[in-house]
Amino acid sequence: MSSTGADFRGLTPLVLMSALRRAGTRVCEPLHRFRLEIPADALGPVLPLLARLRAVPRTQSEGVIEGEIPAARVHELQRQLPALTRGEGVLESSFERHHAVSGAPPERERTDHNPLNRKEYLLHVERRV
């Protein structure tokens with residue numbers, strides 16, 4: 001019996017995971033640059049919010065804060081900004097760069113068989129489980 005397309009499709013995840021392990025890959029997250037215009041008296045409540053959202057202010061002048069924020073946190077900043085600035089805050093953001101995740105990388109539940117567990121994965125590919 002010869003190999004079929006299904007054989008190669010089943011083994012591709014194993015080869016890919018092995019290559020990623022050897023390459024020493026790292027998990028990165030997208031960062032946005034932001035520009036925030038706020039009333040001067042709103043600075044007190046806004047700065048702690050930026051800290052909680054892992055934003056890093058780079059420059060600050062009268063009523064304007066510029067810096068970087070993880071893309072996943074931009075929506076939360078947009079949502080909370082009107083209450084902290086009486087609706088007077090203006091936020092602009094755009095993609096800046098990718099940055100390596102510090103600490104444990106985020107994970108999501110697998111929806112298929114896990115090629116990281118080679119033995120179990122091969123049993124599923126061979127349909128023995």
Side-chain angles (χ1 to χ4, degrees):
M1 182 176 208
S2 65
S3 297
T4 65
D7 294 333
F8 292 100
R9 284 190 300 275
L11 291 177
T12 298
L14 286 176
V15 174
L16 178 62
M17 296 310 267
S18 176
L20 289 173
R21 191 176 306 113
R22 283 191 211 145
T25 57
R26 59 185 176 170
V27 176
C28 292
E29 67 179 336
L31 290 181
H32 280 208
R33 106 180 107 244
F34 72 89
R35 183 172 193 276
L36 187 55
E37 293 180 28
I38 59 171
D41 63 334
L43 187 62
V46 169
L47 286 178
L49 172 64
L50 292 175
R52 279 194 309 275
L53 297 178
R54 296 182 25 234
V56 178
R58 299 286 184 205
T59 62
Q60 181 181 333
S61 61
E62 182 96 18
V64 177
I65 303 171
E66 295 181 355
E68 292 180 337
I69 185 170
R73 306 298 183 122
V74 171
H75 178 71
E76 182 68 17
L77 178 56
Q78 288 173 328
R79 195 176 67 71
Q80 292 192 30
L81 190 60
L84 298 176
T85 63
R86 299 174 312 279
E88 296 178 31
V90 177
L91 173 66
E92 299 172 15
S93 71
S94 62
F95 174 77
E96 173 72 15
R97 64 189 173 92
H98 284 95
H99 179 74
V101 172
S102 59
E107 292 185 12
R108 65 177 181 162
E109 215 173 288
R110 294 199 65 89
T111 59
D112 58 357
H113 306 297
N114 187 357
L116 292 173
N117 185 338
R118 185 180 182 90
K119 193 176 202 175
E120 183 181 309
Y121 180 79
L122 287 172
L123 288 174
H124 283 285
V125 168
E126 295 176 2
R127 299 189 194 318
R128 291 188 183 175
V129 172

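Nothing here was measured: the structure is a model prediction, and the numbers come from that model.
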Measure the spacing between [atom1] of [X] and [atom2] of [Y] and express it to the nearest 0.5 Å.
X: L49; Y: T85; atom1: CG; atom2: OG1; value: 10.5 Å
X: L43; Y: Q60; atom1: CG; atom2: CD; value: 5.0 Å
X: L84; Y: L50; atom1: CG; atom2: CG; value: 9.5 Å
X: S94; Y: H32; atom1: OG; atom2: NE2; value: 7.5 Å
X: E66; Y: E37; atom1: CD; atom2: CD; value: 9.0 Å
X: L20; Y: R26; atom1: CG; atom2: CZ; value: 14.0 Å

Which pairs would a plain distance check flag for residues 68-79, meaning a side-chain donor or acceptor within less than 3.5 Å of a matching protein atom at least two apart in sequence or in another chain?
{"from": "E68", "atom 1": "OE1", "to": "R58", "atom 2": "NH2", "distance (Å)": "3.2"}
{"from": "E68", "atom 1": "OE1", "to": "R97", "atom 2": "NH2", "distance (Å)": "2.9"}
{"from": "E68", "atom 1": "OE2", "to": "R97", "atom 2": "NE", "distance (Å)": "3.2"}
{"from": "E76", "atom 1": "OE1", "to": "R79", "atom 2": "NE", "distance (Å)": "3.4"}
{"from": "E76", "atom 1": "OE1", "to": "R79", "atom 2": "NH2", "distance (Å)": "3.4"}
{"from": "E76", "atom 1": "OE2", "to": "R79", "atom 2": "NH2", "distance (Å)": "2.8"}
{"from": "E76", "atom 1": "OE2", "to": "Q80", "atom 2": "NE2", "distance (Å)": "2.3"}

Residues that H98 engages under ring pair (Phe, Tyr, Trp, His ring centres under 6.0 Å), provided they are two or more places apart: F95

Got a sec, which pairs hit side-chain hydrogen bond (donor to acceptor under 3.5 Å, both in side chains) with one end in residues 39-53, sequence neighbours left out? D41-R86

Contact summary for [X] and [Y], nearest pair of heavy atoms:
X: I65; Y: P57; value: CG2-CB, 3.9 Å
X: P45; Y: A42; value: CD-O, 3.0 Å
X: L91; Y: F34; value: CD1-CB, 4.0 Å

Side chains of L31 and V56: closer than 4.5 Å at any heavy-atom pair? no

